[in-house]
Structure formats: C-alpha cells, structure tokens
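I have placed the structure first, in the form of structure tokens, so that the comments after it can refer back to it.
All values below were derived from every heavy atom in this structure, side-chain atoms included, with hydrogens, water molecules and symmetry-related copies excluded. Below, read A as the first sequence line, B as the second, and so on, with proteins coming before strands; counting in each chain starts at 1.
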There are 2 protein chains.
Amino acid sequence: MVMHTDYDVRWEGKIIGTVDRKKQVLEAASRSFALFGYKATTMEQVAKIANVGKGTIYTFFDTKEQLFDEILHEVISEMKNIIQREVDHNKPFFDNLFRVLDSLLEFRSEHELLMKLSQEVRDVGTPQSQEAMNQVESVILAYIEKEIRHAMMQKELRDCDPGIVSFLMFKMYVALTSEWNKNHEPLTKEQIKEHIRLFLEDGLAVHAS
Amino acid sequence: MVMHTDYDVRWEGKIIGTVDRKKQVLEAASRSFALFGYKATTMEQVAKIANVGKGTIYTFFDTKEQLFDEILHEVISEMKNIIQREVDHNKPFFDNLFRVLDSLLEFRSEHELLMKLSQEVRDVGTPQSQEAMNQVESVILAYIEKEIRHAMMQKELRDCDPGIVSFLMFKMYVALTSEWNKNHEPLTKEQIKEHIRLFLEDGLAVHAS
DNA sequence: GCATGACCATAAATCAAAATCAGTCATAAG
DNA sequence: CTTATGACTGATTTTGATTTATGGTCATGC
C-alpha cells in the first residue's frame, strides 16, 4: 500500500507548489533531535516546527522511537556513503583512513546530532541516545575492522587482532577529537592526523636502522 | 602540640596491648570507601567499624572530606612508590613502562578503591570521587610525561609532544584494561602488553626493509 | 478520505514532609 | 585534668503524594 504524502498547494485556484508532509516531519524532527536531544524533543514541538498536526506524525511513524530510528539510520547511512566514496582499495590503508576521517569531520549535520546525543548520554543517560551511540560506534568499528582485515591481507599491516586494533584506533580517535578538549585547547586536524600516524604508522620507538 | 592516639589495653591490671585509634579510623574508612564509595560511606558507619565514637573521628580529621583526602593521598603516595621502585633509568623506556604497569595491576587494595570511585563517577557523579579520579589521573600523566621527556632526551623515543603522547598512552591503557570489558571478555595481561607494544614500540604499518 | 487537535493514560517534574547525615558539644569515663 | 562519646542540631537528601507534561488515540470536520 502506497501512502499519499504529497499535496498541492493552491493560491487563487492555481497550483503553486506541493508539500511533502513526511519530509517536513523528518526535517523538523532532525533539527529538533540535533538541537535538544532525544528526551527534550516533544512530538508536539516537532508537529509545530513541521507545520503539521500532531496526529499527522503518527500516520507516518508509529512511535517517537521509530521516528528517531529512521533519522538515526539516515545519518548512519550517510556516514556509510561517505566511507564508501572515500575508500579506494588501490590506495594505501593510511591514505584511505585519513581521507575518511577528514570527510567525517566535515559533516556538520551528522556531527551536531551525534555530539548532542553523546552529551545526553553523559548528562541524563537516556536509553535511546545510549543505544543510538552504540549503534553508531559499532558501524564505525565494523568499517575499521573490515579495512584492517583487507590491509592485513595485502601485507600493508602487521598481523594483529582486528577486533582489538579497530577498538583501539577508535578510542584513540575519540580521545584526540573530544576527550582532550575537556582539559586542553582543541587540537588541529593536522595534529590529530600526525599523532594517529605516529602511533599507527611509525611507532614511537626509535628503531635501530 | 602532639596528640595522644595510643592507649594501653589492660586485662586484670596487666597491659596486654595498645590501640591506635587514628590508625583504626583510617583502616575502617579505607575499607568503607573502597567498598561503598565516598557518598555511601557514613561517618557513623566508619565509627562503628573502627570501634570508636563518632566524635573521636573528629579529633583526628576536621571533615569527612579531609579523612577521604588523607586516604587518597596515601593511595597516590603508594602508587608513586611503586613507580619509583620499578623505574630504572639504566633500562629501556619500554621495559620500565611494562614493569610499572605490571606492578600497578597487582595492587588490589589501590585498585578496589579506584574502581569503586570511577564507578561512582559514572553512576552518581559525586564531586569528591570525580575530583579524586582527576588527581590520580594527573599523577599518572605527570609520571608518563616525565619518562617520555627522559626517553626522548636519550633518543629512545622519537621527537613528539609529551603532553599529547602521555595522554594517548593513558587512554589506550584505560581502553584496554577497562573499556574493552564492557562488551567483551577481559584481555589477559599479556594481550594488553602485546597491543601496547604493537602501537607504541613497533607501529602497525609494515615498513619497507 | 485524510488531517487535526481535544482527549486519555501514563510518565515525568514538583514540592512538602520525613529521614538521614555531617559535624558539635555537654557529659561521662578514666 | 584530659579525652572519648553518643545524643543533638541544622542542613541536605530521600520519599511519595500531587500536579504537570507528553506520547499516543480517535471522533470530528474540512
């Protein structure tokens, strides 16, 4: 069954546009979740922003949680697209890694939602935001792990446990991009990349040569 | 002014022992803080365990916080001792690092208190436990940073920013010893050391040789 | 036929009463 | 006399009863 979501907008009898109510709702909810987090976003507020009656939202989404999930999966999907776009298996592992990091750091809209959700996890511990962050984390970890396996096969990386190493790489990234900022001036993108290179690519020790 | 803390314990007129009330209080409080955390430890409880009146505690310590601080500084001091005992500047940096890690992981009593406090930070966010963990963290960071500077001078380590690198090493350690356990089976001490070696000493990349 | 907002049940915020606890001090013990 | 003590106090936290807010429904009207 296909549901109508488009309606003509008329003025003096003439069609001057169409309005996709579902899209309106999704956009309003996106902005609200990114701005206020999951808990502080109310369905009435979303309806107001979307210029729709509250009941209308429930013709598209069964619950608040489903609406949130749809938006979250959009974000995750967008992240996967970025990754796929940037990864080129003809190029070296570290090239791909840094290009993906760069691109991910660019995407404001994704970042705003994720930052707000991780703040909500710290401050109130909303289960839905907790769960959302877990999902995002596991998507990222799965990508890194896959790439590590590939690079290991290509003998670009040493033999290692991809699960543990991907976990460590992710934690390192989070440490540099967000935990460091709690007590220090934020690092530049260049500093972040340089330190990831130092640990992953070169190693810290001076080797006999 | 010197305060009495020792008293003779007599039986049928004969001295059969002495009791150091301050030591009793410190021991009781140590166990209680490690078992229940800062907030859930009450002064009355400490008095009960120590077999003293509540008022007696206040002849040695002005406040609950001061009592806690004294115990915390004992722990920190013990950690510094361990470090000093294990570090030998004639040996390589990574040797020292791993020996210190080993010894720190042994010390049950220290670990119990610190684990309880970090749980308290997550679960209730008691300011005193927050502050305590910050102090411990900065002691550890200061040690790592000092050792990194020394190793850099000895040309054992590459040129790097000691502040950022010590921060990353610490975060890596925490990731391996405690964050990993939230979703996986704990790693063995050997696995932990092996991965720290992989990242810090060797680097992950296969280098042309 | 579809959007809507008043409506309902439940979950969250509020607030006052009750309980707890850090810290004091008058008294007891030695 | 000196020191230990636990009943006491005021401030803070917990509790639970009441109010408010919110997710979700549905009868109405456009």
Discussion item. Check whether A:Tyr38 forms a cation-pi arrangement with A:Lys64 (NZ or CZ under 6.0 Å from the six-membered ring centre, at most 45° off the ring normal).
Written reply: yes

Please report, rounded to the nearest Å, how far the [atom2] atom of [N] is from the [atom1] atom of [X].
{"X": "A:Lys48", "N": "C:dA3", "atom1": "NZ", "atom2": "P", "value": "19 Å"}
{"X": "A:Gln66", "N": "D:dG23", "atom1": "CD", "atom2": "P", "value": "15 Å"}
{"X": "A:Gln45", "N": "D:dT22", "atom1": "CD", "atom2": "P", "value": "9 Å"}
{"X": "A:Glu65", "N": "D:dG23", "atom1": "CD", "atom2": "C1'", "value": "12 Å"}
{"X": "B:Phe36", "N": "C:dC21", "atom1": "CZ", "atom2": "C1'", "value": "16 Å"}

Item to complete: Measure from the side-chain N and O atoms of A:Asn96 to the backbone N and O of A:Val87, and report whether any donor-acceptor pair falls under 3.5 Å.
Response: no

Worksheet item: Are any side-chain N or O atoms of A:Gln191 and backbone N or O atoms of A:Thr188, one a donor and one an acceptor, separated by less than 3.5 Å?
Response: yes

Item to complete: Heavy atoms under 4.0 Å is the rule here; annotate nucleotides 5-13 of chain D 5' to 3' with B where the base is hit, S where only the sugar-phosphate is, and - elsewhere.
Response: BB-------

Worksheet item: Is the count of non-hydrogen atoms from other residues, nucleotides or ligands lying under 6.0 Å from A:Arg31 atom CZ greater than 12?
Response: no

Discussion item. Under a 4.0 Å threshold between the charged nitrogen and the carboxylate oxygen, would B:Lys39 count as salt-bridged to B:Glu120?
Written reply: no

Response to the item:
Heavy atoms of B:Ile71 and B:Ala29 approach each other most closely as CD1-CB, 3.4 Å

